[in-house]
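Written below as structure tokens is the structure these notes are about.
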Number of protein chains: 2
Amino acid sequence: MMEFLEVTYRISDSASYVQERIESILREQTIETPAAVAARYPFVRENMTGSIREIAPDASGGMLAVLALPLITASSDPAQFLNVLFGNSSLHADVELVDFRIPPSLEPLFPGPKYGIDGLRRLTGVASRPLTCSALKPAGARIDELVDLCLGLVAGGIDMIKDDHYLADQPFAPFEDRVRACLASVEEMSATSGNRTIYVPNLSGTPDVIRRQADFAQRAGAKAVMIAPMLVGMPLLHELSTQWLDIPVIAHPSFSGSTRVPSTLLLGKLFRLFGADAVIFANFGGRFSYSKSVCREIAENLRKDWMWLGRAFPIPAGGMDADCAPELVRFFGLDTILLVGGSLLEAGDGLADATRVFTASVQSAAEALLNEA
Amino acid sequence: MMEFLEVTYRISDSASYVQERIESILREQTIETPAAVAARYPFVRENMTGSIREIAPDASGGMLAVLALPLITASSDPAQFLNVLFGNSSLHADVELVDFRIPPSLEPLFPGPKYGIDGLRRLTGVASRPLTCSALKPAGARIDELVDLCLGLVAGGIDMIKDDHYLADQPFAPFEDRVRACLASVEEMSATSGNRTIYVPNLSGTPDVIRRQADFAQRAGAKAVMIAPMLVGMPLLHELSTQWLDIPVIAHPSFSGSTRVPSTLLLGKLFRLFGADAVIFANFGGRFSYSKSVCREIAENLRKDWMWLGRAFPIPAGGMDADCAPELVRFFGLDTILLVGGSLLEAGDGLADATRVFTASVQSAAEALLNEA
């Protein structure tokens, strides 16, 4: 019995070829190969292709498409879930993720908030009214200055005091000292004021650092912590919530609109800066609408001399035809990884031969380029 | 000697009030409090406020602003670096991150690609021509079917074979068995063909799972691995590259355009699904342009009955005035956390009193609401 993830996308394309467009999105979010390739595998053909459930005009323009995507591809882990939800299709400027529905069998994977409203009410002792919350800032204030703020806020009857999301583990207010001092002052002041104010430290860093911070905060007596999932990674939120924390986690929206970072910067510079040795991106002339100039700039950003950073390989990809290898070698130059998938796989039993043709054409295009130089 | 991060933003606003707009972005990305609050702290006043370096019209419309942001806030860890780069400002629809420059003192934090072009050339033995690469897919193929693809690709002289980014740890091709089988087949076939083809497994999961997968892949003899940083979290890419991997890491762009996920879905549903007990979002009438209806929908998505998921607290925030508490209680109802920062902190020595007024007004607004019901 196959199960499905039901995902709704909005396509802003004109209606004239929207059916074709939706079929290509369905393919992108499932088998990601030409239909002829998928047809070769009985299991894939029967279980992995998904289907279009509904296409309807959207009141705000464009079309809404409801797709059924096979759960078996999506349910292995939280990162892969996001991947099937809106991985490659996020790269199409005319496609928006609108909504999704998942079957009850995903409850073990996504248990959801452990505390939520009821738990936070229990912790703060606030039965029905809205909770009150304030923030410790500005960044740059010393710990004793933050403690002063805590004392005033608790005295004023606040329910929650959170770190500003700019408080990480900086020298002006180091994490462990800050957490210890703020917890102590809030607890002491609450004892006299009769409140149950909770102090919520902000966790920031790579996953390993955040796990240590979470552990420290819990042992020190924190009743909740805060992270920004789009900064630290959505799967880390999941891991903290399901495995490492016995206290509530507050999510901060920072970076969640980062949406407007151009690919030339995100893929070309940030991924390199963060240590990627090679970066795949959607090439022009393939399944995506990236322009030649964007692709050139991504590649150049990855390879150019830039500070102390080693040069990273560009990997143009996405529906590229092996026949285009000579053109691509000429366009991207020698320091490139050419990624060709479906176009080779279409060869079926002739895969080795097709691959040989591809690799030989790259070899000779490279020689031609070298001879010209 | 203060150091700065130099960040360029594009603002699409009309020029009439662009100076004011840019000053507000500078404040958002630095002290995030009213200037009067920051002025109270000598260290903050002298070191944390940053400055506007340049404002110039952009050829493609709008204005470009180059801001100098204090490095001391940004350099504690990779997540915090992103935060200062484009954290809250990413939530403004009229602001784009365009570029950034960092000082050489950040080299220890961001060592960059460990292998890069030279290392991958050494690994594959390809001196100067472009490397060739293909992908194992479709998802749903059995391991023996993936091995067949490997054999054909190696026989054809390919340099790299990567997992499709949809191959996670699914039952149809479990991670460890797949990696072992593909590595063995590629190695065996390469020995006869004379190539040095490398197989690149795709890692997917929460940070802990990915670390185990990376460890397994390395011990099994993989020469490189792949991850999608926007799915698994940019800081995890950094941690893998700097701490856990002795082999190159290939970055996949999946989810990097996810930019077009509306906040009602990302904050309202996905963060809850992933386990957030409470979610902060930019409230209407504050520093951000979220509409009342978007805010209402985020709150409702967090709180409504939805599958098996516990209800999560909405935390409207962002430049809210404590005086608005009664209105906000009426608008969001009782199951809400009201987050007020700068507006309270402005009170200075009168913080406790201001807080008392705020908490009392929430209390009485809640009572009024309960009496009406």
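Remember, predicted model here, so these are calculated numbers, not experimental data. Below, chains carry the letters A, B, ... as their sequence lines are ordered, and counting in each starts from 1.
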Exercise. If you measure from CD1 on B:I158 to OG1 on A:T355, what distance do you get to the nearest 0.5 Å?
Worked result: 5.5 Å

Exercise. What's the spacing between B:L236 CG and A:L236 CG if we round to 0.5 Å?
Worked result: 8.5 Å

Exercise. side-chain hydrogen bond (donor to acceptor under 3.5 Å, both in side chains) with B:T206: which of A:H238, A:Q243, A:E239?
Worked result: A:E239

Could you check which of [options] has the highest count of heavy-atom pairs closer than 4.5 Å to chain B?
{"options": "A:D208, A:D169, A:T73", "result": "A:D208"}
{"options": "A:V232, A:V362, A:L153", "result": "A:L153"}
{"options": "A:F175, A:F358, A:F332", "result": "A:F358"}
{"options": "A:G205, A:G233, A:A168, A:P248", "result": "A:G205"}
{"options": "A:A141, A:P229, A:A325", "result": "A:P229"}

Exercise. Between B:T359 and A:G156, is there a donor-acceptor pair closer than 3.5 Å when you use the side chain of the first and the backbone of the second?
Worked result: yes

Go through the atoms of [X] and report whether side chain, backbone, both or neither lie under 4.5 Å from a heavy atom of chain A.
{"X": "B:D159", "value": "neither"}
{"X": "B:L369", "value": "neither"}
{"X": "B:R211", "value": "side chain"}
{"X": "B:D353", "value": "neither"}

At a heavy-atom separation under 4.5 Å, does [X] approach chain B through its side chain, its backbone, both, or neither?
{"X": "A:N47", "answer": "neither"}
{"X": "A:T30", "answer": "backbone"}
{"X": "A:A228", "answer": "neither"}
{"X": "A:L328", "answer": "neither"}
{"X": "A:L370", "answer": "side chain"}
{"X": "A:V154", "answer": "neither"}
{"X": "A:E367", "answer": "neither"}

Closest approach of [X] and [Y], non-hydrogen atoms and distance?
{"X": "A:L334", "Y": "B:R121", "result": "O-NH2, 2.9 Å"}
{"X": "B:Q170", "Y": "A:I72", "result": "CG-O, 3.4 Å"}
{"X": "B:P138", "Y": "A:A38", "result": "CG-CA, 4.4 Å"}

Looking only at heavy atoms and a cut-off of under 4.5 Å, which of [options] has the most pairs with chain A?
{"options": "B:L151, B:V44, B:D148", "value": "B:V44"}
{"options": "B:F172, B:Y166, B:Y41, B:Y115", "value": "B:Y166"}
{"options": "B:T336, B:N83, B:I31", "value": "B:N83"}
{"options": "B:M226, B:R142, B:K162, B:H165", "value": "B:H165"}
{"options": "B:P207, B:A360, B:A135", "value": "B:P207"}
{"options": "B:I102, B:V357, B:V329", "value": "B:I102"}

Exercise. Within a strict 4.5 Å, meaning less than it, do heavy atoms of the A:L231 and B:P235 side chains meet?
Worked result: no

For this session: List the steps, then state whether side chain to side chain contact (heavy atoms under 4.5 Å, CB included) holds for A:V209 with B:D77.
Result: CA-CA 9 Å; A:V209 169; B:D77 68 80; 5.9 Å; no

